[in-house]
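Structure, as structure tokens:
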Amino acid sequence: MSDLPPAYGGEILHVDLESGESEREELAPEDARLFLGGNGLAVKLVAEHVPASADAFDSENVVVFAVGPMNATPFQSTSRGVVGFVSPMTDGFFDSTFGGTFPRAQKTTGFDAIALHGAADDLSYVTITADGATVEPAADMAGLDTYETCERVREREDVGYDTHVIAAGPAGENRVRYACLLHESKRREGVAGRGGSGAVLGSKNVKAVAVREGDFEPELAAPDQLRTLATQRMKPLMEGTEMLQDYGTSGLVNPVNETGKLGQRNNQTERTSRENAEAISGERLHEEFVTEDTTCANCAVACGKHVAVQSEGITEAKIPEFESLFGTATMQEVYDIKRVMKANDLCDRLGMDTISWGVTVAFARECYEEGLLSADASPHLEFGDADGLVELAEETARRDGIGDRLAAGSFRFADSLDDAAERYLHGAKGLEFAAHSPRGLKGMSIGYATATRGGSHHDTRPTLQYQGEHDETTDGTAEFAARSQHFTAVGDSLTQCRFVSEGGWGERLNERYSDAVNAATGWDLDPAELERIGERIYNLERLVNVQRGIASRADDTLPYRVMHEAIPDGPSAGMFCPPSELEAMLDEYYAFRGWDDDGVPTDETLERLELTPFAN
Ligand code: SF4
């Protein structure tokens, strides 16, 4: 095996939160080639260090911050990082990506991955420099929101925005299971939104992680070639991301609603009136509330926006993403955009995933409508109650009243109710679905059912399905979903922004991707070999989940409404995914992957992917 390419920092930092000691481990060249970085490195470290018996909130869980070979290079939009951990939502491996400046700063320390082990005795924050880690007391930060925490850490470190901070809010401290992490840098937030990374950090008594830039500068194997690739990508990228440049992801509200595949009222229907959609659309946000564009380091797309809402006392907040508008507006039947933005800003500040929180509230509202929850549970359980939505955000983060039950997520909430409540769940493997319809998009049906992260739209991607590929047919859709999972695993291991990848080079791995990796590393991968890396990463995630007892044929399922109730009206009326259809797609999916009938990777598959050492 040749040397480690100098595009890598070359080290993994292991931090013992209890003692405050840290240890360096060299990144082995063969591991870089097998797992790339980011997502791949995170799952490898979780597989090696977290016992299958450990609960997400056990101190044995590990939180990994990982970057890839192209972070901190002039190549655009490689400014994302990955947080990997065992999720308190799914009980399985989870990786959540975020943008901003933290990942780039992490790379300059020379640490391709930072693994936080154990738990601190008291509330603390962790500072990473090129010299290693220090664990600092943070009792004064208890109860601060995410923005306040970032600011407080910057004050303590005393170098302004040269300290790059990602923080948990009160929800993380209170172990709200879907608590997120928010990174606030100059003019740009990055949110590791899904899966509960904030709750796991909270369980470790860690309020924030800060990185101070080091001197490491990655060396590219063929910088001119990478520059040429980047230049060639610019035109399709800018043309392919016009909506994002103008409106951010909120620009998807109107077009997706028009397809009749946008969940409303806890997904009872999947289309609202044009008037309602318009009221929460990116176009309206742009016209009335957006104050400026914001961007991650080194990205010309600038999909981020800040909004101001005077009547809500919001002078500057992150624009709600499309997924957040689904969770906090359409699923609630709330079209008062100012209240929706207030709820979203609260979620960001309190540190909660807007998708899981919103879908859990929508679930509770339908349970109330169906008589499974009484009015004594909360006065805020009517669909359409915008003020109640805002109240519930605070109650959830503080675990007040019904907030304590909402904090568990919809699946655990359902366990405390009559069995009939299961009919109103909208998620897979314990994680609530994102906005892309599992009834109206066949690729999402099988994609969500098999996703290692459950209801995540960053395992199988919906983008091509909206363009008419594998949206309404099951023909070849299982393979499509699996290969899309390889695409996202590679992208998150290179820590390339998904929007930039899809807009610039397309939604499938091709020569442009492998050429870019080769130009960065000096390797000689072809697209098939690059895809095999994605396949390896996905199989290792699956293996971790099999060992944890949460991945089998019985677990690869969809909720009742998706399998038994057709979309009632609109352009996608009649669509759903009956059990027989899902079973047939699972057969094809397992066969394509080389898994047995119960969805377990076979010995031959593990050997082919060089994963045998992880089997035991
Ligand atoms: S497209 Fe948006 S999320 Fe992606 S790198 Fe650019 S600003 Fe960040």
Side-chain angles (χ1 to χ4, degrees), residues 37-39 67-83 95-107 161 164 166 180-194 226 229-230 233-252 282 285-286 290-307 316-325 344 348 353-355 434-435 456-458 461-463 487-488 490-507 513 516:
N39 179 181
V67 293
M70 289 193 276
N71 279 96
T73 70
F75 195 57
Q76 313 112 313
S77 313
T78 48
S79 48
R80 295 190 76 82
V82 164
V83 194
D95 61 297
S96 187
T97 72
F98 65 101
T101 56
F102 181 111
R104 190 180 178 83
Q106 175 180 336
K107 184 70 177 284
Y161 278 100
H164 305 262
I166 190 164
C180 66
L181 292 172
L182 183 138
H183 157 52
E184 189 245 332
S185 62
K186 232 189 269 178
R187 298 193 63 240
R188 176 74 194 188
E189 296 85 357
V191 182
R194 305 225 67 195
L226 204 55
L229 282 164
R233 186 174 70 173
M234 195 49 102
K235 190 166 182 282
L237 169 62
M238 296 312 278
E239 287 173 1
T241 56
E242 274 175 10
M243 180 207 74
L244 292 170
Q245 293 163 44
D246 290 343
Y247 309 118
T249 55
S250 65
L252 284 167
L285 289 167
H286 179 74
V290 169
T291 54
E292 63 174 351
D293 294 342
T294 67
T295 190
C296 301
N298 201 16
C299 175
V301 176
C303 74
K305 318 285 166 202
H306 277 151
V307 291
E316 183 177 286
K318 184 177 168 302
I319 192 173
E321 303 289 344
F322 169 59
E323 308 292 345
S324 308
L325 291 165
N344 273 273
D348 286 343
D353 171 19
T354 48
I355 302 172
S456 165
H457 61 300
H458 282 286
R461 292 291 292 152
T463 318
F487 168 79
T488 54
V490 167
D492 292 344
S493 299
L494 294 172
T495 57
Q496 266 270 301
C497 170
R498 185 94 67 238
F499 302 145
V500 172
S501 299
E502 291 184 341
W505 284 342
E507 297 81 357
Y513 288 99

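Residue numbers start at 1 and run along the sequence shown. We count ligands from 1, going down the list as the structure has it; atoms in each ligand are counted the same way.
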Ignoring hydrogens and angles, state whether a donor on the side chain of Glu507 or Thr463 is under 3.5 Å from an acceptor on the partner side chain.
-> no

Evaluate the ring planes of Phe487 and Tyr513, with Trp represented by its six-membered ring, and classify them as parallel (under 30°), tilted (30 to 60°) or perpendicular (over 60°).
-> perpendicular

Will you find, in the side chains of His457 and Glu323, an N or O donor that is under 3.5 Å from an N or O acceptor?
-> yes

If you leave out waters, which protein N, O or S atoms are less than 2.8 Å from atom 4 (Fe) of ligand 1?
-> Cys497 SG

Please identify each residue that fulfils ring pair (Phe, Tyr, Trp, His ring centres under 6.0 Å) with Tyr247, with sequence neighbours left out.
-> His286

Check the side chains of Arg80 and Thr97 for a donor-acceptor pair under 3.5 angstrom, ignoring hydrogens and angles.
-> yes

Any side-chain donor-acceptor pair under 3.5 Å between Thr488 and His458?
-> no

